[in-house]
Amino acid sequence: MLRILIVDDDILTRKGIQILMPWEKHHMKITGEASNGKEALDFLEKNSVDLVLVDLDMPIMDGMTFIQTASALYPELSYVVLTVHTEFEYIQSVLRIGALDYIAKTHFDRENFDQILDRIYAAVMKKKNDALGAAGSDWKNSKILYPSIYALLTVEPDSDEHVFQFLELNQLSDSRNVFELFAGVWVFTDTDAAFSFPEYFPNTMLLCISDVSEMTYAQLGKLLRQYQKDQFFYDYQPLKTVNMKHAYELSETETIKSEQTLEQLKKEWLSLNWIHENDLFRQITFDLKTQKLKPSALYHLLLALEDVWNSSYSELTGEKITVPVIFHSWTEVEEWLIQLYEKANYFRFSSGYSDTIIRNILNTKNYIDAHYTEPIDTAEIARKAQMSYGYFSRCFHNIVGVSFSDYCIGLRMEHAKKLLNTTGKTVQEIAFQTGYKDEKYFSRLFKKATGKSPSEYRKTQSESNV
């Protein structure tokens, strides 16, 4: 059974596709749905999917951006585009971004369901078979007759021209000892340990792998595929040099051991406290790298950081941040974080507040983060921060990015949404557990924040999870 994810901002389209099309008859089943690209990425992080049916015109993250991002994170995934456009040039552009096929919504009727699904199933299976065929080419049973071998790996999607420049510079382009194991990986033997590199050599590494004698190329290919998927992201440095590896090191994977550790990482980054603390920024950047999250999990954390930053600082700084569609390596992630920190640091120094005031405001923010479900006396909070109420309010807004009142309400509403989604508690119980004694007042604030009453919100969420 092929597992299908439907991504479309129109709930009627999603439901219609699920209900009307004879999926099981064609060995397919719907495993989930999402209303935009970001929701789809969240789903893919936790679920196995073979094929995504995706609309291109969606809010928050459109279909084009989603396909580009997901293709880098999940290269085995297939895509079929849902569209109202049928012009030849448009369809060609859809196929160029990696889609296997398209479904025209304007021709969506029962008469062609079988034809559509037969065509899609055949395309997905062909892609899977082609991948298996590439892994099983002629070199797979040949033994490596040398104690070490060089491997050239790239994750640069735009072009591999720099790879062929490297091979030409080192008189390897016509060598029978150069094998392309699979897309992005070449291996070769050479007695000369000194190599010339082209000036432009992006997201590419040259490895010298020892202890490969008697190993087959297929076995080495399997190890390199795993290395390219798991370790390359964190090992890559923009240095034109030979990187030494033992064969056994290619299969070593270090992943985060604890959900608690992951939650702590998220908490540290999403608190935004690092904006005002140089040492904290350096420490949590180091912690993030050493934990070696899977690239997809790291990307989701950065998307969450984008949302928090934009809600807190976009108005004050006059601009929103956007996570790039793809990061090829940790080096690119670190550069992006440093740029974000420098942007925040510029704002920090231009705010004109002393380190003592900034620290007092951050301590207050940390206290609220831990006690927002309890009654909050703003005047008492200001007194503990050693400020008058008016000055405290102004400082909090300028340093944190939102007013103290809005910040507290935002925390409480997020907590309320979580309770509405995951528990059967009454609205009155949820109001009390989010710090409100008056259910009607809580409901007014909730509707103002979400556009729906608590009961409407719970019903909408339940329907979307069906």
Side-chain angles (χ1 to χ4, degrees), residues 9 11 14-15 32-36 38-43 45-47 59-60 258-260 262-273 300-301 303-312 362-382 384 392-393 396-397 400-466:
D9 60 331
I11 188 172
R14 298 200 305 268
K15 295 301 181 185
E33 60 178 279
S35 62
N36 58 67
K38 278 192 175 181
E39 285 186 12
L41 289 175
D42 288 337
F43 185 89
E45 185 184 19
K46 301 174 183 177
N47 300 274
I60 303 179
S258 162
E259 285 294 325
Q260 185 178 0
L262 178 57
E263 288 305 314
Q264 182 60 32
L265 273 173
K266 288 182 178 179
K267 183 178 179 181
E268 288 173 340
W269 279 102
L270 301 186
S271 72
L272 300 185
N273 289 346
H300 282 272
L301 188 153
L303 286 176
L305 177 59
E306 172 192 298
D307 289 339
V308 171
W309 168 280
N310 288 336
S311 65
S312 297
L362 289 180
N363 287 339
T364 299
K365 176 181 172 295
N366 290 338
Y367 175 83
I368 297 302
D369 288 346
H371 297 88
Y372 63 87
T373 61
E374 304 170 9
I376 295 174
D377 186 330
T378 309
E380 178 63 18
I381 292 290
K384 287 183 177 180
F392 167 79
S393 298
F396 191 95
H397 185 280
V400 176
V402 294
S403 71
F404 180 74
S405 174
D406 286 346
Y407 185 77
C408 294
I409 292 172
L411 285 175
R412 287 170 162 174
M413 293 304 109
E414 287 303 314
H415 183 57
K417 286 194 286 186
K418 184 176 180 180
L419 292 175
L420 286 166
N421 283 335
T422 60
T423 75
K425 295 180 183 294
T426 65
V427 173
Q428 184 179 26
E429 289 173 322
I430 291 174
F432 183 78
Q433 291 188 16
T434 50
Y436 297 101
K437 294 181 179 179
D438 187 335
E439 177 189 345
K440 291 183 179 179
Y441 180 61
F442 161 75
S443 296
R444 285 200 301 272
L445 289 177
F446 189 90
K447 187 167 186 176
K448 183 178 180 181
T450 66
K452 298 180 177 68
S453 69
S455 57
E456 290 171 340
Y457 178 85
R458 171 176 274 166
K459 182 179 179 181
T460 302
Q461 294 300 304
S462 297
E463 291 175 347
S464 65
N465 292 330
V466 173

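Heavy-atom basis, side chains included; hydrogens, waters and symmetry copies ignored.
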Practice prompt. I would like to know whether V427 and F442 meet side chain to side chain contact (heavy atoms under 4.5 Å, CB included); could you show each step before the answer?
Written response: CA-CA 9 Å; V427 173; F442 161 75; 3.9 Å; yes
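- When all heavy atoms of H415 and T373 are compared, the closest pair comes out as CD2-CG2, 3.9 Å.
- Separating the CG atom in L445 from the OG atom in S405 is a distance of 8.0 Å, to the nearest 0.5 Å.
- Looking at every heavy atom in both residues, A34 comes nearest to A40 through CB-N, 3.6 Å.
- Sorted by first and then second residue, the pairs that involve residues 429-442 and meet side-chain hydrogen bond (donor to acceptor under 3.5 Å, both in side chains), not counting sequence neighbours, are T426-E429.
- For the atom pair CD1 of I376 and CD1 of I409, the computed distance is 10.0 Å after rounding to the nearest 0.5 Å.
- Heavy-atom minimum distance, F43 versus G32: CZ-CA, 3.6 Å.
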Worksheet item: Going through the distances and angles, do K15 and E33 end up as a side chain to side chain contact (heavy atoms under 4.5 Å, CB included)?
Response: CA-CA 9 Å; K15 295 301 181 185; E33 60 178 279; 3.2 Å; yes
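- Judged by distance alone, the side chain of E456 and the main-chain N or O of K452 form no donor-acceptor pair under 3.5 Å.
- Among all heavy-atom pairs drawn from L305 and L272, the shortest one is CD1-CD2, 3.8 Å.
- Using a 4.5 Å heavy-atom threshold, the side chains of L419 and R458 count as separate.
- Separating the CD atom in E263 from the CG atom in L270 is a distance of 9.5 Å, to the nearest 0.5 Å.
- Side-chain contact annotation: S453 with S455, donor-acceptor N/O pair under 3.5 Å present.
- Within the model, atoms OG1 of T364 and CG of D369 stand 10.5 Å from one another, a figure rounded to the nearest 0.5 Å.
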Practice prompt. Evaluate the criterion side chain to side chain contact (heavy atoms under 4.5 Å, CB included) for residue pair I381 and F404; output intermediate values, then yes/no.
Written response: CA-CA 10 Å; I381 292 290; F404 180 74; 4.1 Å; yes
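- Shown here for N36 and P59, the closest heavy-atom pair between the two residues is CB-O, 3.3 Å.
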Worksheet entry | From CA spacing to verdict: side chain to side chain contact (heavy atoms under 4.5 Å, CB included), D42, H300 | CA-CA 7 Å; D42 288 337; H300 282 272; 2.8 Å; yes
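- One N or O on the side chain of K365 and one on the backbone of S271 form a donor-acceptor pair closer than 3.5 Å.
- In terms of heavy atoms, R412 sits closest to E374 at NH2-O, 2.8 Å.
- We find the CE-CG distance between M413 and D406 to be 11.0 Å, quoted to the nearest 0.5 Å.
- Aromatic ring orientation, F396 versus F392: tilted (interplanar angle from 30° to 60°).
- Here the OG1 atom belonging to T423 is positioned 4.5 Å from the CD1 atom belonging to I430, to the nearest 0.5 angstrom.
- For the pair E414 and K417, the salt-bridge criterion is met [side-chain N within less than 4.0 Å of a carboxylate O].
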Discussion item. Run D307 and K38 through salt bridge (Lys or Arg N to Asp or Glu O under 4.0 Å) and show every step you take.
Written reply: CA-CA 11 Å; D307 289 339; K38 278 192 175 181; 3.1 Å; yes
